[in-house]
Every structure is written in C-alpha cells, then in structure tokens.
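Positions are given from 1 along the sequence.
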Amino acid sequence: MTDAAPSAPALPDLPSGRFSGRDAFMQLVRNGLATAARDGWTEIVVSDANFHDWPLGELAVIESLQQWARSGRRFTMLACTFDEVIRRHARFVRWRGTWDHIITCRRSPSADPLDLPSVLWSPAWVLHRIDPLHCVGVSGFEPDRRVLLRESLNEWLRSKSSPGFPSTTLGL
C-alpha cells in the first residue's frame with residue numbers, strides 16, 4: 001500500500017448553456033473565478049448594476065482571486081454604483097485595495113440598472129445574466145458570444161462610464 005496525499009477537489013468543467021436562479025448564478029461565478037485561477041486567464045471583466053447577487057465577499061471567491069492575481073493580469077469592474085460592494089463584500093474591498101495596480105473600476109451612475117450588462121467575461125468563457133431580476137442567463141465558450149459581449153462592455157467602459165470605487169479614501 002502507498003500513502004497518497006489527498007488531492008484538492010477537481011474543479012467542475014464550466015458549462016455552456018442556459019442557467020436559471022440566483023444559486024445557479026452564484027455557483028457559476030464561483031466556478032468561473034476558480035477556473036480563472038487554475039487556468040491563468042489574463043483578463044477578467046465583471047459588470048453589474050450593483051453586484052448585490054454576486055458572491056464577491058465569500059472566502060472561496062477571494063482565495064480564487066488571490067491565486068489568480070499577479071503581474072500582467074487585468075481585472076475590470078463596471079457598475080452603476082459600488083455602494084453594495086462596499087456594504088456587502090468587505091473581503092473583496094480589502095482584496096481590491098491590495099491589488100489596485102491590476103484593477104480598473106468604472107461607474108455609470110446615470111445608467112438604467114437593467115441596461116448595464118450583468119457579465120463575467122474572460123478571453124476563454126463568459127457568463128451573461130440576461131435577466132438580472134430573475135437570475136436567468138447563458139454561459140459558454142463560443143467566440144461570437146464573447147466578442148459581442150466584449151464589444152458591448154468596451155462601449156460602456158469607453159464612453160458611458162467614468163472612474164469609480166477608489167482603492168483608498170483620502171479625507172481631510
């Protein structure tokens with residue numbers, strides 16, 4: 001008999017197709033960020049009106065982001081407001097402060113929250129919540145889907161948003 005070291009649990013393969021429900025959405029975000037860390041995605045873009053339903057404050061998500069983060073990586077956030085992130089996701093706020101040099105945060109306070117895409121985008125896979133109110137959407141690896149969503153995100157980032165969510169707050 002040999003003593004085998006216990007191995008870490010295998011990450012599930014990221015799915016392609018429809019999803020429905022808040023729990024399914026949150027699990028897809030967790031799995032997507034864990035896969036980003038494992039596979040070394042060079043860029044992640046997350047966009048949502050307020051990130052209320054995202055599991056950004058969970059320890060497992062922060063551990064995935066910590067493993068993912070390194071020089072040469074880019075993380076972009078887009079929101080109408082970051083108030084919910086600050087209020088609900090303290091671990092993420094601390095992580096964001098540490099990794100400010102690879103993170104860009106943009107806000108679009110006058111946007112209709114339902115118009116702003118609810119997306120986790122990467123060069124490899126995308127998670128798109130088409131109906132944020134009911135947590136219904138699609139995920140997948142299809143190049144066409146990734147390109148179209150990236151073009152939409154780029155438009156929001158370039159011309160419909162401004163810098164927001166500073167890593168530190170300076171007071172008098």
#### Entry: Within-4.5 Å side-chain heavy-atom neighbours: W125 and T35
no

### Query
Can you list the residues that meet the salt bridge (Lys or Arg N to Asp or Glu O under 4.0 Å) rule with R74, with sequence neighbours excluded?
E43

### Between OG on residue S122 and CG on residue L149, distance to nearest 0.5 Å
11.0 Å

### Message
Does anything in residues 130-144 form a side-chain hydrogen bond (donor to acceptor under 3.5 Å, both in side chains)? List the pairs, not counting sequence neighbours.
### Response
D131-H134, E142-R145

### Query
With sequence neighbours left out, what residues match S152 under side chain to side chain contact (heavy atoms under 4.5 Å, CB included)?
P117, W156

### Task
Working to the nearest 0.5 Å, report the span between CZ of F19 and NE2 of H128.
8.5 Å

### Non-neighbouring partners of Q67 that pass side chain to side chain contact (heavy atoms under 4.5 Å, CB included), sequence neighbours left out
A37

### R94: side chain to side chain contact (heavy atoms under 4.5 Å, CB included) partners, not counting sequence neighbours
A90, R91

### Task
Assess whether side chain to side chain contact (heavy atoms under 4.5 Å, CB included) is satisfied between L120 and W54, documenting all intermediate values.
CA-CA 10 Å; L120 186 160; W54 293 59; 4.2 Å; yes

### Task
Not counting sequence neighbours, which residues clear side-chain hydrogen bond (donor to acceptor under 3.5 Å, both in side chains) with S110? List them please.
none

### Query
Would F25 end up clustered with L33 when hydrophobic side chains under 4.5 Å apart are linked, directly or stepwise?
yes

### Task
Determine whether V147 and L153 fall in the same hydrophobic cluster, where Ile, Leu, Val, Met, Phe, Trp and Tyr are linked whenever their side-chain heavy atoms lie under 4.5 Å apart.
no

#### Entry: Exam field: side chain W121 to backbone R146, donor-acceptor pair closer than 3.5 Å
yes

### Query
With sequence neighbours excluded, what pairs up with R96 under the salt bridge (Lys or Arg N to Asp or Glu O under 4.0 Å) test?
D100

### Task
Quick one: which residue pairs count as a salt bridge (Lys or Arg N to Asp or Glu O under 4.0 Å) with a foot in residues 110-130, not counting sequence neighbours?
D48-R129, D53-R129

### Within one Ile-Leu-Val-Met-Phe-Trp-Tyr cluster: F75 and V45, side-chain cutoff 4.5 Å
no

### Query
What is the ring orientation for F92 with F165, classed by angle as parallel under 30°, tilted 30 to 60°, or perpendicular over 60°?
parallel

#### Entry: Check: V136 main-chain N/O paired with R18 side-chain donor or acceptor under 3.5 Å
no

### Query
With sequence neighbours excluded, what pairs up with N154 under the side-chain hydrogen bond (donor to acceptor under 3.5 Å, both in side chains) test?
R150

### Query
How about P15 and L28: do any of their side-chain heavy atoms sit closer than 4.5 Å?
yes

### Message
Test of understanding: with side-chain hydrogen bond (donor to acceptor under 3.5 Å, both in side chains), list the residues that count as partners of R30, not counting sequence neighbours.
### Response
Q27, E58

#### Entry: Shared hydrophobic cluster for V85 and L127 (ILVMFWY, side-chain gaps under 4.5 Å)
yes

#### Entry: Minimum side-chain heavy-atom gap V46-V29 below 4.5 Å
no

### Query
Is there side-chain contact between F141 and L14, with at least one heavy-atom pair below 4.5 Å?
yes

With a 3.5 Å cut-off and sequence neighbours excluded, list the donor-acceptor pairs that the side chains of residues 77-84 form with protein atoms.
residue	atom	partner	partner atom	Å
T81	OG1	D83	N	3.2
T81	OG1	D83	OD1	3.4
T81	OG1	D83	OD2	3.2
E84	OE1	H52	ND1	3.1
E84	OE2	R87	NE	3.3
E84	OE2	R87	NH2	3.0

### Task
Report the distance from atom CD1 of I102 to atom OG1 of T76, rounding to the nearest 0.5 Å.
10.0 Å

### Query
Heavy-atom distance under 4.5 Å between the side chains of L65 and W99, does that happen here?
no

### Task
Could you list who else is in V138's hydrophobic cluster, with ILVMFWY side chains joined at under 4.5 Å, directly or through other members?
I130

### Message
Exactly one of E155, R107, R106 should register a side chain to side chain donor-acceptor pair (under 3.5 Å) with S161. Which one does?
### Response
R106

### Task
Answer yes or no: is there a side-chain heavy-atom contact under 4.5 Å between V61 and W95?
no

